[in-house]
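Before any comments, here is the structure.
Nothing here was measured: the structure is a model prediction, and the numbers come from that model. Letters A, B, ... mirror the listed sequences (proteins, then strands); counts begin at 1.
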2 protein chains.
Amino acid sequence: MPDQLSQTFSALADPTRRAMLAQLSKGEANVSDLAKPFLKDMSLPAITKHLKVLEHAGLITKSRDAQWRPCKINGEGLKDVVDWMEQYRVFWEASFDRLEAYLKTVVAKEKKGKKNVRKKTK
Amino acid sequence: MPDQLSQTFSALADPTRRAMLAQLSKGEANVSDLAKPFLKDMSLPAITKHLKVLEHAGLITKSRDAQWRPCKINGEGLKDVVDWMEQYRVFWEASFDRLEAYLKTVVAKEKKGKKNVRKKTK
DNA sequence: TCCATAATTAACCGATTAGTTAATTAACTA
DNA sequence: TAGTTAATTAACTAATCGGTTAATTATGGA
């Protein structure tokens, strides 16, 4: 996988790595802090590897503080994704519209009581 | 990879599949239409597999028309991604800000140089 | 200096992925 | 009915991925 964007998407295609990002979204954390929620499920070297994937994808940066490695989230990698998404805005916004239309029918239903009258959702 | 979002990100982590989505963003297309740009690089069964990945990820839908299989883009899959991205908005917007700050320095330099005065574009 | 802690590296393994070729299914057409 | 086109399925392979255990590096403290 040569290109940067593929690496980024690939890094995000794993729930463990997304959970790590979620934790980092609340602030910097060392490797062992990040590891803590997962150590029942996997070893520390597995964590190291996941973090390396995130780092190479440009989604986090790692620095040094004595024997600790504080990690922080890196907006650049995420920006690459939203930039790519932008060209499909018309499609995912159409989905929002369908959701909106659906919610409208739900509200209509509630107003009518149990009559169950609804507009067609297109 | 059990969860839907992982499948979606994974499907997007391939340049061939992203190119197929790009083509589909310009309108419906059959499998052989979609295959055309790639047949120098890979076989038709490989295309079939890529499309199956996109379909299972909820990024496209396939229908039937005689022996053809018209495919179209499906906004739902993309919406899952933008929904997930939303929680990191503060981070990728910070990246936009850094870009903006950088552009400001470029503009400032130009002003100093050739008196190329311009308003910022946003 | 010796030990504990934080993290990484090395070597390995099974499952999945991305591709192949060959065969097959399904629909139209002469 | 026989042939052609569109697409999929089957069976296989090489490379990558996500994990393991054991060993190693690097830093701080008693």
- line: Closest of dT20(C), dG19(D), dT9(D) to the H50(A) side chain is dG19(D)

- request: Would you kindly give the NZ-to-C1' distance between K62(A) and dA6(C), to the nearest whole Å?
  value: 12 Å

message: Does dT9(C) have OP1 or OP2 under 4.0 Å away from a side-chain N or O of K52(A)?
response: yes

- prompt: How long is the line joining CG of N30(A) and C1' of dA7(C), in whole Å?
  reply: 10 Å

- line: Looking only at dA26(D), dT8(D), dT20(C), the nucleotide nearest the M42(B) side chain is dT20(C)

- prompt: Reckon A66(A) touches a base, only the sugar-phosphate, or nothing at all at heavy-atom distances under 4.0 Å?
  reply: sugar-phosphate

Residue S43(B), side-chain atoms from C-beta onward, closest of dA7(C), dA18(C), dT21(C): dT21(C)

- prompt: When we call it a touch if two heavy atoms are under 4.0 Å apart, what does S32(A) touch: a base, just sugar-phosphate, or nothing?
  reply: sugar-phosphate

Euclidean distance, atom CD of residue E55(B) to atom P of dA7(D) [Å, nearest integer]: 13 Å

field: Complementary nucleotide of dA30(C), counting Watson-Crick and G-U pairs under 3.5 Å
entry: dT1(D)

query: With nearest nucleotides of DNA chain D determined for R64(A) and R17(A) from heavy-atom distances, which residue corresponds to the more 5′ nucleotide?
result: R17(A)

Whole angstrom value for the distance that separates C1' of dT16(D) from CZ of F9(A): 20 Å

- request: Quick one: label K49(B) by what it contacts on the DNA or RNA (base, sugar-phosphate, nothing), any heavy atom closer than 4.0 Å.
  value: base

query: Could D33(B) and R69(B) be called an ion pair, given the rule that one side-chain N must be under 4.0 Å from one carboxylate O?
result: no

Spacing between L12(B) atom CG and dT17(C) atom C1', to the nearest angstrom: 16 Å

message: Whole angstroms only, please: what is the CG-C1' distance between D14(A) and dT17(C)?
response: 15 Å

- prompt: So what does D41(A) hit on the nucleic acid, given a heavy-atom distance under 4.0 Å: a base, only sugar-phosphate, or nothing?
  reply: sugar-phosphate

query: Does dT8(C) have OP1 or OP2 sitting under 4.0 Å from an N or O in the side chain of T48(A)?
result: yes

- prompt: Nearest to the side chain of A46(A), which nucleotide is it out of dT20(D), dT8(D), dT8(C)?
  reply: dT20(D)

message: At 4.0 Å (heavy atoms only), tell me whether D65(B) reaches a base, stays on the sugar-phosphate, or touches nothing.
response: nothing

task: Could you tell me whether the side chain of S10(A) and the main chain of Q7(A) form a donor-acceptor pair under 3.5 Å?
output: no

message: Please pick, from dG28(D), dA27(C), dA7(D), the nucleotide with the shortest atom-to-atom distance to any side-chain atom of Q67(A).
response: dG28(D)

task: Can you run down the ring-ring contact (aromatic ring centres under 6.0 Å, His included) pairs that involve residues 3-53 of chain B, sequence neighbours left out, and say none if there aren't any?
output: F9(B)-W84(B)

message: Please compare P45(A) and V31(B) by the position of their nearest nucleotide in DNA chain D and report the one closer to 5'.
response: V31(B)

- prompt: Can we say E55(A) and K52(A) salt-bridge, meaning some charged N sits less than 4.0 Å from an Asp/Glu carboxylate O?
  reply: no

Length of the line joining Q7(B):CD and dC17(D):P, which is rounded to integer Å: 18 Å

field: Sidechain-backbone polar pair: E76(B) side chain, L59(B) backbone, donor-acceptor under 3.5 Å
entry: no

query: dT20(D) C1' sits how many Å from L44(A) CG, rounded?
result: 13 Å

message: Within the 4.0 Å heavy-atom criterion, would you say I47(B) contacts the bases, only the backbone, or no part of the nucleic acid?
response: nothing

query: Which pair of non-hydrogen atoms, one from G77(B) and one from T8(B), has the smallest distance, and what is that distance?
result: O-CG2, 3.7 Å

